[in-house]
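Start at 1 with the first residue, then count along the sequence. We use all heavy atoms of the structure for the numbers below, so side chains are in, but hydrogens, waters and symmetry mates are not. Just so it is clear, the structure is predicted and the values come from calculations on it, not from any experiment.
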Amino acid sequence: MEKEAKKEGFRKYLEASGVLDALTKVLVALYEQNDKPSSALEFVQQKLGGPSLSEYEKLQAELSDLQIKYNELIKENQERCRELEELKHTQVEASANKELDVGNTHDEELNTDVVKC
């Protein structure tokens with residue numbers, strides 16, 4: 001009994017969501033075809049708005065190409081970030097060395113002034 005109630009609940013769900021109506025229309029359209037398509041499944045998919053098998057394969061190939069390009073761009077971005085970090089590190093070191101040089105020069109000037117006095 002519970003199984004029948006479950007089936008009935010599912011049927012009502014499909015009906016309320018419009019699935020039964022959509023499937024019925026597609027199956028009627030297939031039935032009314034004078035020249036039946038070689039692939040009934042592809043006909044149903046196309047009528048429901050899905051891609052044909054050739055469109056699907058084309059999309060899969062495009063996805064594969066885009067995934068490769070994406071991976072290459074990620075790798076290139078990581079390399080650029082590494083280069084940027086190296087440049088920042090070099091700049092910080094150069095700046096620190098310059099400050100030390102300026103400080104040493106200033107100290108030498110003070111020492112010279114002391115000697116002159």
Only pairs at least two apart or in different chains count here, so list each salt bridge (charged side-chain N to carboxylate O under 4.0 Å, His left out) that has a residue in [range].
{"range": "residues 20-29", "answer": "Asp21-Lys25"}
{"range": "residues 52-61", "answer": "none"}
{"range": "residues 3-15", "answer": "Glu8-Arg11, Arg11-Glu15"}

Side chain to side chain contact (heavy atoms under 4.5 Å, CB included) involving Leu63 - partner list, sequence neighbours excluded: Gln60
Side chain to side chain contact (heavy atoms under 4.5 Å, CB included) involving Glu83 - partner list, sequence neighbours excluded: Glu79, Arg80
Members besides Leu59 in its Ile/Leu/Val/Met/Phe/Trp/Tyr cluster (side-chain heavy atoms under 4.5 Å): none
Fellow cluster residues of Tyr56, listed by chain then number, with links counted only when side-chain atoms sit under 4.5 Å apart: none
Set of side-chain hydrogen bond (donor to acceptor under 3.5 Å, both in side chains) partners for Ser54, sequence neighbours left out: Ser52
Contacts of Glu86 that satisfy side-chain hydrogen bond (donor to acceptor under 3.5 Å, both in side chains) - sequence neighbours left out: Arg82
Glu85: partners by salt bridge (Lys or Arg N to Asp or Glu O under 4.0 Å), with sequence neighbours left out: Lys88
Name each donor-acceptor pair under 3.5 Å that joins a side chain in residues 26-38 to protein atoms two or more places apart or in another chain, with its distance.
residue : atom : partner : partner atom : Å
Lys36   : NZ   : Leu30   : O            : 3.2
Lys36   : NZ   : Tyr31   : O            : 2.7
Lys36   : NZ   : Gln33   : O            : 2.6

Atom pair [atom1] ([X]) and [atom2] ([Y]), whose distance is rounded to the nearest 0.5 Å:
{"X": "Leu23", "Y": "Leu48", "atom1": "CG", "atom2": "CG", "value": "6.0 Å"}
{"X": "Leu20", "Y": "Tyr13", "atom1": "CG", "atom2": "OH", "value": "11.0 Å"}
{"X": "Gln91", "Y": "Leu84", "atom1": "CD", "atom2": "CG", "value": "10.0 Å"}

Please tabulate, for the side chains in residues 64-78, all donor-acceptor contacts under 3.5 angstrom to protein atoms that are two or more places apart in sequence or on a different chain.
residue : atom : partner : partner atom : Å
Gln67   : NE2  : Asn71   : OD1          : 3.2
Asn71   : ND2  : Gln67   : O            : 3.3

Exceeds 12 heavy-atom contacts within 6.0 angstrom, atom CD of Gln46: no
